[in-house]
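Here is the structure we will look at.
First listed ligand is number 1; within each ligand, the first listed atom is number 1.
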Amino acid sequence: MRVLEVASEAVPFAKTGGLADVAGALPEALARLGCEVTLVLPAYREALAKGLPIEPTGLEFEVPLGTRRPVARILRCRLPGSAVTTLLVANDEFFDRQALYGGAEDYPDNAQRFIFFSRAAIELACRQAAPFDIIHCHDWQTGLVPAYQKILYHAAPAVARARTVMTIHNMAYQGLFWHWDMLLTGLDWRYFNWQQMEFHQQLNLLKTGLVFADALTTVSPTYAREIQQAPGGRGLEGLLAARAATLSGIVNGIDTTAWNPATDPHIPRPYGEQDVGEGKYAARVALAARLGHAAPDARPLVAFVGRLAEQKGVDLVVELIGRMAGTGRAHFVVLGTGDPAAEESLRRVAAAFPGTVDVVIGFDEGLAHLVQAAADIVLVPSRFEPCGLTQLYAQRYGAIPVVRATGGLVDTVVDATPEAIREGRATGFTFGACEAGALVHAVERALDAHADRGLWLSFVATAMRQDWSWDTSAREYLRVFERSLAFPPTA
Ligand code: ADP
Ligand code: GLC
């Protein structure tokens, strides 16, 4: 099966969040199952600056974009450690920038940038020697691709018989733009209606993908249910409920090579289940040094790593620290970047409790690994969470997640109820209400358990033994691909 994966970010080329982890690992997992996979990405400045073996292909072509025809230059690179060909779409006007999508504010021309990228991706597909069976798109940045395939490219041999699959990583980002941006798409105004591309007088690129794709997936079964209702569907719940028969929830895997405490180059002492104590202590020493402390303290380490966005419940973390730091029961470490107000309140709470609270504002892949290795408890108090990867990394690194019971967190963490403990299934602590009190209570439960050495080690062992590798999930994607090929394309 020939599969074209189209995404706006992928590890190791460029990353702002979990989408990059998924788009960087799923292609290889599909290749292991026998698919012939090509990945298409924008050639961001960040991707080109990493010293990866990216080379020119000599292929370049004009891309219709409203009244303009900017040029796409195609670069090539093997996805490191795999047989997957990665094609990067270069255009300096759009992608030679500091960040992927913008800073505190999105770039004002993001519609142009990703309409260009989507059109370039399908034009690029049309220029490949063999036809594709599946075109797999991720999130709003690629939402136009299924529409292009059905409307403008249905006669192009390389893509005409392909089925399109749209994966939703987050309903909170829909790619909503001014209606005049419709002109940039090259699609007829008649598609700008409430059943197709329009959402309350605006152009909605995610909705476009959800309407035109042959099959839909999202990144966990629980989130697949949540988005068919308000508020999870963010206004598109009706559309998603209507397409429920083609919507599946597939939990993300993790890249078990990049996230492996036994071989991780970002941590000082590799470890496994047998020597997790030693490994974590060495990581703690390295982390303390990195944070400017002479030595680590003896208290359990409670950590948060993530985008500082409303979704992630950072406000709950700030309040938790405010309430608990004075008790002396734990040391807190936060690594994140995002909302300036959240960054400021974290800095403030760190300044109030020096020696107990460390806050690092920034994006640092290596440090994220070190924090997971050093941590005893990892917080994921999200308001909503389509899948979430930090709780999976935590388990693999022997850190116990404390999560809010929402979305993929429900599907990947087993709360330490007496019954789950008895059956040896517990891998974390969950709480329901989206308020600091509920988080504090869950963290206290975790700290109480931590004080019982034998009990804690059994949690750690169970968590570390979970298999979150891509094999199972990639097989589910393959089934979705096969099923959509067995049916005629949706009209
Ligand atoms: P989301 O995609 O919503 O941000 P996920 O849990 O799926 O959430 O994925 C987040 C990914 O981004 C993880 O790989 C996490 O380690 C990483 N990450 C988030 N913030 C940072 C940061 N400040 N520094 C390094 N890595 C980060
Ligand atoms: C999104 C979601 C996150 C998910 C990731 C990868 O960014 O917020 O929950 O894990 O995509 O699918």
Candidate pair D467 and R396, rule salt bridge (Lys or Arg N to Asp or Glu O under 4.0 Å), full reasoning: CA-CA 9 Å; D467 178 6; R396 190 118 206 271; over 6 Å; no
Between [X] and ligand 1, does any nitrogen or oxygen pair lie at a separation below 3.5 Å?
{"X": "N170", "value": "no"}
{"X": "F363", "value": "no"}
{"X": "A368", "value": "no"}
{"X": "G362", "value": "yes"}
{"X": "W259", "value": "no"}

contact_flag [X] ligand 1 heavy-atom lt 4.0 Å:
{"X": "C387", "answer": "no"}
{"X": "K15", "answer": "yes"}
{"X": "A20", "answer": "no"}
{"X": "K312", "answer": "yes"}

Ligand 1-proximal atoms of D364, by part, heavy-atom distance under 4.0 Å: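 Contact part for D364 vs ligand 1: backbone (N, CA, C, O).
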For atom 10 (O) of ligand 2, the option (of G408, G18, G388) bearing the nearest heavy atom: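 Comparing heavy atoms across G408, G18, G388, the nearest one to atom 10 (O) of ligand 2 lies in G388.
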Selection from V219, V11, L389, L409 by shortest heavy-atom distance to atom 6 (O) of ligand 1: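 Nearest heavy atom to atom 6 (O) of ligand 1 lies in L389.
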Sub-3.5 Å N/O-N/O distance, K312 and ligand 2: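 Among all N and O atoms of K312, none is under 3.5 Å from an N or O of ligand 2.
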